[in-house]
Every structure is written in structure tokens, then in C-alpha cells.
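As C-alpha cells, the structure follows; a few thoughts come after it.
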Amino acid sequence: MSARSIVHLMYHEIELPGRPMCQSELGYVRYIVSEADFRAQLQWLQSAGWRGMSVPEALKYPDGLGVAITFDDGCETDLLTTAPLFKAAAFNATFYITVGFLGKPGYLSTDELRSLSDWGFDIGCHSMTHAYLSDLDLKGLRRELIEPKLRLEQITGQAVEHFSCPGGRWDRRVAELAREAGYKSVATSRNFANSIRTDPFSLGRVAVMRDTPLSVFQRICRGGGLWQRQVADLTRATAKKLMGNTGYDALRGLLLSRGKTANG
Ligand SMILES: [Zn+2]
């Protein structure tokens with residue numbers, strides 16, 4: 001794959017043996033990769049000569065094999081698991097933090113967040129309360145985009161310039177407000193590799209999930225097989241439009257509890 005086309009991977013919490021996860025419902029757990037799988041993915045990236053980058057690094061589209069690695073929500077495993085493994089591998093990453101989750105059980109505390117930032121990792125914003133942005137009016141959007149940015153900058157002492165949308169819910173207003181607020185990019189959960197032609201305020205991102213086999217992970221990093229996921233994106237977007245976010249979530253919960261595999 002050309003160095004001018006870079007996949008942004010999306011992770012959440014990492015499951016550690018004997019440690020309860022932040023949430024237990026199926027819709028959450030299917031996004032949680034085990035520590036063993038995570039280590040195997042990292043090991044493959046290293047042995048195959050890939051570089052793990054933060055979002056600002058990836059947006060410079062450097063030459064060579066590389067993926068952007070992102071984590072949503074601000075779980076404690078960002079610091080417990082990912083940070084030491086990435087330091088040893090000389091990888092960078094962007095951690096998108098939900099400010100309202102800081103200090104809750106299983107999530108980073110403000111001190112831990114500061115440590116993560118002090119280690120040199122890029123800290124991004126994943127809203128104040130994890131609300132679906134497409135459901136909000138302008139006042140609500142400001143509360144989710146501007147206030148948490150300032151708070152994260154206070155905590156870390158660093159500029160916070162990259163945002164990811166809770167639940168992947170994105171619309172044009174989010175892009176406009178993010179730009180006005182001083183962000184330099186907005187990540188969605190749509191399945192495509194980014195290139196220098198991609199609007200940085202609507203970046204694609206590919207979820208690494210609990211059931212993603214290593215062979216599929218390797219294909220994702222190369223930007224392979226994303227079109228099948230794009231078809232699923234389109235189906236999901238249509239369902240969300242027809243049913244609204246609340247109706248869509250209710251249906252998704254129902255399907256998951258019956259053991260089907262609706263996506264995202
Ligand atoms: Zn999230």
C-alpha cells in the first residue's frame with residue numbers, strides 16, 4: 001500500500017486476565033480486544049516493519065509502512081497496557097479521551113491521563129459525555145467539543161487538536177465547529193484509508209474488534225477488504241437515518257442479544 005494512504009486503527013479498552021471491563025454489555029464487549037490478541041497484533045506490526053503513529057504524525061503522510069493507532073474513551077488500560085508496550089516498540093498513538101469518564105471505575109484518573117501525556121503520547125478528545133453528536137443542537141455540540149478540549153489542555157499542558165466522534169456519529173456541523181474550536185482533525189468510524197486527499201475533518205477509521213483474526217488485522221493495515229465494510233457502513237447509516245439513533249441502538253441491542261452480528 002502506498003505511503004500516501006494510511007489506515008487509522010480504532011481500539012477501545014484492552015481486556016486483561018482477571019480484570020473486569022468498564023462495561024459488560026455485548027455492544028461494548030465486541031469492541032474489546034484481549035491483551036493476548038493485542039500483543040500478537042503489535043508483534044506482527046513490529047516484525048513486518050510497520051511503524052505505529054499518532055494521528056498528527058500520520059497526517060503528515062510519511063513514507064514507509066505505517067498505521068495510525070487510536071484508542072477511544074480513555075480506559076485505564078491505555079496507561080496500564082498500551083503505553084508500556086508502545087514505548088518498548090517505539091510506537092506512538094493518539095488516545096481520544098471522554099472527559100466525563102475520567103476517574104470513573106476502569107477509566108483513567110486525571111493523574112493517569114497526565115502520565116500518559118507525559119510519556120509523549122498524543123492526547124485527543126472524545127467529547128465531554130459521550131453523547132451522539134448528530135442528536136445535539138449547537139449549544140450541546142459546543143459543550144461536547146469545546147469544554148472538554150480546554151479541560152484536557154489544562155490537565156496535560158499540551159495542545160489537544162484531534163477529536164473522535166462518540167459512536168462514530170458525525171455531521172457537517174461537527175466538522176465546522178471542530179475547525180472553529182481549533183481542532184485539526186475529526187475521526188469518524190467509517191471504513192476507509194485516509195490519504196492526502198481526505199478531508200481531515202472527516203477521517204476514516206477501522207475498528208479492531210474482539211473477533212478480528214490476525215489475518216484480517218494484517219489485511220486491514222494494508223487497506224485491504226475495506227469495501228465490504230463500506231457496504232455495511234452504508235446500511236448502518238441508512239438504518240440510523242430511518243430509525244434515529246435511539247431506535248437504531250434498541251434494534252442493535254436486540255439483534256446482539258439474539259447472537260446475530262450487526263456491526264458497530
Ligand atoms: Zn467511544
Side-chain angles (χ1 to χ4, degrees), residues 8-15 20-33 38 54-55 68-82 93-109 112-113 116 121-136 140-141 143-149 151-152 155 160-171 174-175 177-178 183 185-191 201-210 212 229 232-233 236-237 240 245-246 248-250 252-253 256 262-264:
H8 290 217
L9 300 174
M10 171 171 61
Y11 286 97
H12 294 79
E13 192 173 13
I14 303 297
E15 185 189 18
M21 288 180 242
C22 290
Q23 296 177 41
S24 57
E25 67 266 27
L26 284 168
Y28 179 84
V29 172
R30 56 202 293 274
Y31 281 95
I32 309 309
V33 175
F38 183 60
S54 66
V55 170
I69 308 185
T70 73
F71 292 78
D72 278 0
D73 298 347
C75 296
E76 213 174 9
T77 53
D78 293 354
L79 184 69
L80 295 178
T81 314
T82 307
T94 291
F95 295 92
Y96 294 112
I97 308 298
T98 302
V99 169
F101 292 172
L102 289 171
K104 293 195 172 171
Y107 294 93
L108 295 166
S109 67
E112 288 172 328
L113 172 60
L116 193 62
F121 294 107
D122 178 50
I123 303 301
C125 180
H126 190 53
S127 84
M128 184 64 96
T129 69
H130 210 272
Y132 291 161
L133 303 179
S134 51
D135 290 344
L136 302 180
L141 279 183
R143 194 180 58 233
E144 297 292 342
L145 271 87
I146 299 175
E147 288 177 28
K149 179 179 192 293
R151 180 81 188 106
L152 290 170
I155 295 169
V160 170
E161 298 182 319
H162 303 276
F163 185 90
S164 73
C165 298
R169 301 327 194 262
W170 176 97
D171 64 25
V174 174
L177 186 60
Y183 287 105
S185 80
V186 173
T188 70
S189 310
R190 285 185 294 138
N191 287 286
F201 289 89
S202 182
L203 293 173
R205 231 162 28 129
V206 185
V208 183
M209 301 187 58
R210 187 174 195 79
T212 303
R229 290 164 180 260
D233 284 346
R236 264 197 309 278
K240 283 168 191 167
N245 281 327
T246 314
Y248 174 81
D249 277 359
R252 178 168 164 267
L256 284 170
N263 201 358

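On a predicted model such as this, the values are computed, not experimentally measured, just so you know. Atoms within a ligand are numbered from 1 in the order they appear, just like the ligands themselves.
Under the 30°/60° scheme for interplanar angles, the aromatic rings of Phe101 and His130 are found to lie parallel. Note: Phe38 and Phe71 have perpendicular aromatic rings, judged against thresholds of 30 and 60 degrees for the angle between ring planes.
Of the residues Asp73, Asp72, Thr129, Leu133, the one that meets the side chain to side chain contact (heavy atoms under 4.5 Å, CB included) test with Pro166 is Leu133.
Remark: Asn245 engages Tyr132, Ser134, Asp135, Arg169, Lys240 in a side chain to side chain contact (heavy atoms under 4.5 Å, CB included) (not counting sequence neighbours).
Counting only distances under 2.8 Å, and ignoring water, the protein N, O or S atoms around the Zn ion (ligand 1) are Asp73 OD1, His126 NE2, His130 NE2.
Of the possible donor and acceptor atoms, none in the side chain of Ser109 sits under 3.5 Å from a partner among the backbone N and O of Gly103.
Under a cutoff of 6.0 Å and an axis angle of 45°, Lys149 and Tyr183 form a cation-pi pair.
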